[in-house]
Participant: 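This is the structure, below, for whatever I ask next.
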Protein chains: 2
Amino acid sequence: MANLKQLAQSLGLSITTVSRALDGYADVSAATRERVREAADKVGYRPNASARRLRRQRAELVAVTLPSDPGHIGPPHFLDMLSGCAEHLAAAGLNLVIAPVPRGESELDICRRFVDGRRVDAMLLVRTKRKDERVEFLQSRGIPFVTNGRTESLLPHPYIDGDGFAGFRAATLRFHAAGHRRIGHIAGPQEYYFAHDRCRGWRAAMEECGLATDLCAEGAPLEQGGYLAALELLRQPSRPTALVCATDEMAIGALRALREVDGGNQISIVGHDDLAMGAFTSPPLSTMRMTGENLGASFASLLLRAIAGEPAEELQELHAIEFVDRDSHRRPAKAA
Amino acid sequence: MANLKQLAQSLGLSITTVSRALDGYADVSAATRERVREAADKVGYRPNASARRLRRQRAELVAVTLPSDPGHIGPPHFLDMLSGCAEHLAAAGLNLVIAPVPRGESELDICRRFVDGRRVDAMLLVRTKRKDERVEFLQSRGIPFVTNGRTESLLPHPYIDGDGFAGFRAATLRFHAAGHRRIGHIAGPQEYYFAHDRCRGWRAAMEECGLATDLCAEGAPLEQGGYLAALELLRQPSRPTALVCATDEMAIGALRALREVDGGNQISIVGHDDLAMGAFTSPPLSTMRMTGENLGASFASLLLRAIAGEPAEELQELHAIEFVDRDSHRRPAKAA
DNA sequence: CTTGACTCCCAAAACGTTTTGGAGAATCTT
DNA sequence: AAGATTCTCCAAAACGTTTTGGGAGTCAAG
């Protein structure tokens, strides 16, 4: 309600002293400090955020750009991650703004607007592409940022990512060890690093086992994309007996394709993300998940450290992938 | 990069003139205006947001508080709505910040921090409760806000809501018309307006038909909550033959309970929200959805109008509920 | 030649904070 | 007792905009 000037006047003190008292500086006496704090509490004084930001030359804001292609925004629990991140940022006085990309503008335009207008202290980038123009731009501007997912940028940058390559390679090898020989992959759009990485993992395993890598179909990272991709694979002359899907949503779409084509329950399937929904599908969906808890907090921590100036090399987290065994990966490997 | 002073200096003009030229005022000649604009473009000038906010006494920010109880944050497509809202707000120069509630703090604390620190021009409230302290607080402060969901507040306030009462009443009557007599309701937490509203709709229909209203179980608005609530109803001596669920997520949980208890496919079921996932469950989930498109844009528009000072009464949207018939509501009404 | 209107521009004052660089008084040192 | 040090406090200068209230010119009308 009140501002510093009014508060100072009512206390018979200078603005300076009141400001420093509230910030806990040692050069104001304990008695005065207490008196000021009480008065501030009483009138419910909160420093005006805009004024502070201007003076401190800090926006106290972090922006996350959201791709606007439907379904490309991220898995359903993505908001939970953002929420966790925002919560931890708030503890450091930063707020998280979401910056979707309006039609007709590129993600780059958004970055530019936020960065050049000094609207943010850092940025969080999600759904990174292998070649991501946002990364290059932010690097050139020297603005702190963290990405969710690696890129193929030559300069190192802070990121958190799951080791999709290792995870999908291991999942494929598991199917092979269980006797499967025709193991298909339902891939996400390959311009995304995560989708490419996971695809590479599957391909590597197949090649190690001396198996052909033609049972691969790409689709949008949504139920419908998985459904269509699965139908494509099921039309092949020799059907796969197991399916490794880039995401749970795609796997759930594939599950429906399986039900339609062979009555379901003949083909093994595994997804990735560990959606809550997966425990409730029929059959319950086996899946993979990135290890580590409270991803949002990790992002917040990395962002804060990036703002503090830590070098990019120390701000890279590659998390192992673990399996979540439910039921859908246990179908026999017999010829279909 | 540059600021107004530097830009003015390089052009041999005053700060005032440059500022007004960029804002398109008529009291600067067309020639100068053009010259200024070109120079601004060339150096990539963007006004410093903090300075403008301080001077204009506007935060250029809208906050949305996110409940932190897991699963209480909203349905999976909730982020899409926020994204749409943010996009339309951005067109008016406003950014959307997400404000989760840290442990140990109440949603009220968050509102207070944002409002009293003048960090926002308006707020967006989601998952409103029947008695919502946030609403009362914002009303007392006179800060513009819009809620997603009505409340029982005595003073009118802007909202967008679906007519859950009518929708659930109609859904229940449909089951009755199809011969069902034991129609259960899987309810969300009754402190939320939407959950209570939907429950009331079901109850009203049952009473109109002269049926008992004891087949009702409450759970968390998630798959697990629906699963547990369904198990509870299925344990009753005379099982329901149809289930009206407060949300799709609960319905999907209930679907699993049905599979476990009676092998599935014996009991009709309908949810609400029209999750993409619903088309891929087994059986495909019949559901309901709020009519109207681009909910996010509607929120943005209401927020802008609230900021512009329109009275609350003119900023209330109650949308009809429409049915999305897939398959899960078509089970026979025979005695189980 | 004055008057008024019009065009184009600008100096200075905000907005509310944080921070710099002391000032005055009290206390300690020598 | 003088000088050094420590405690408290404060005036003023930022931070970068927007906006207020004119001030020169120019031009047409009287």
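Chain naming here is simple, since letters A, B, ... match the order of the sequence lines and numbering starts at 1 in each. Predicted model only: the values in this text are computed from it and were never measured.
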Participant: Using only side-chain N and O atoms of T32(A), determine if any of them is under 4.0 Å from OP1 or OP2 of dC9(D).
Facilitator: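 Yes.
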Participant: Can you tell me how far C1' of dA11(D) sits from CG of L13(A), to the nearest Å?
Facilitator: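 In whole Å, dA11(D) C1' and L13(A) CG are 14 Å from each other.
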Participant: So do S301(A) and H88(A) actually touch side chain to side chain, heavy atoms under 4.5 Å?
Facilitator: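 A side-chain contact is absent here, since even the closest heavy-atom pair is not under 4.5 Å.
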Participant: Strictly by modelled atom types, are R130(A) and T151(A) linked by a side-chain donor-acceptor pair under 3.5 Å?
Facilitator: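 No, no side-chain donor-acceptor pair sits under 3.5 Å.
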Participant: Should the pair D161(A)-R150(A) be classified as a salt bridge under the 4.0 Å nitrogen-to-oxygen rule?
Facilitator: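 Yes.
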Participant: When you check the gap from the basic side-chain N to the acidic O, do E136(B) and K131(B) get nearer than 4.0 Å?
Facilitator: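 Salt bridge: no.
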Participant: Where along nucleotides 16-21 of chain D does protein come under 4.0 Å, by heavy atom, of base (B) or sugar-phosphate alone (S), with - for untouched nucleotides?
Facilitator: BBBBB-
Participant: Any side-chain N or O of S14(B) less than 4.0 Å from the OP1 or OP2 oxygen of dC10(C)?
Facilitator: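 Yes, S14(B) has a side-chain N/O under 4.0 Å of OP1/OP2 on dC10(C).
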Participant: Do side-chain atoms of R134(B) reach the backbone of V126(B) as a donor and acceptor pair under 3.5 angstrom?
Facilitator: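 Side chain of R134(B) to backbone of V126(B), a donor-acceptor pair under 3.5 Å: yes, one is there.
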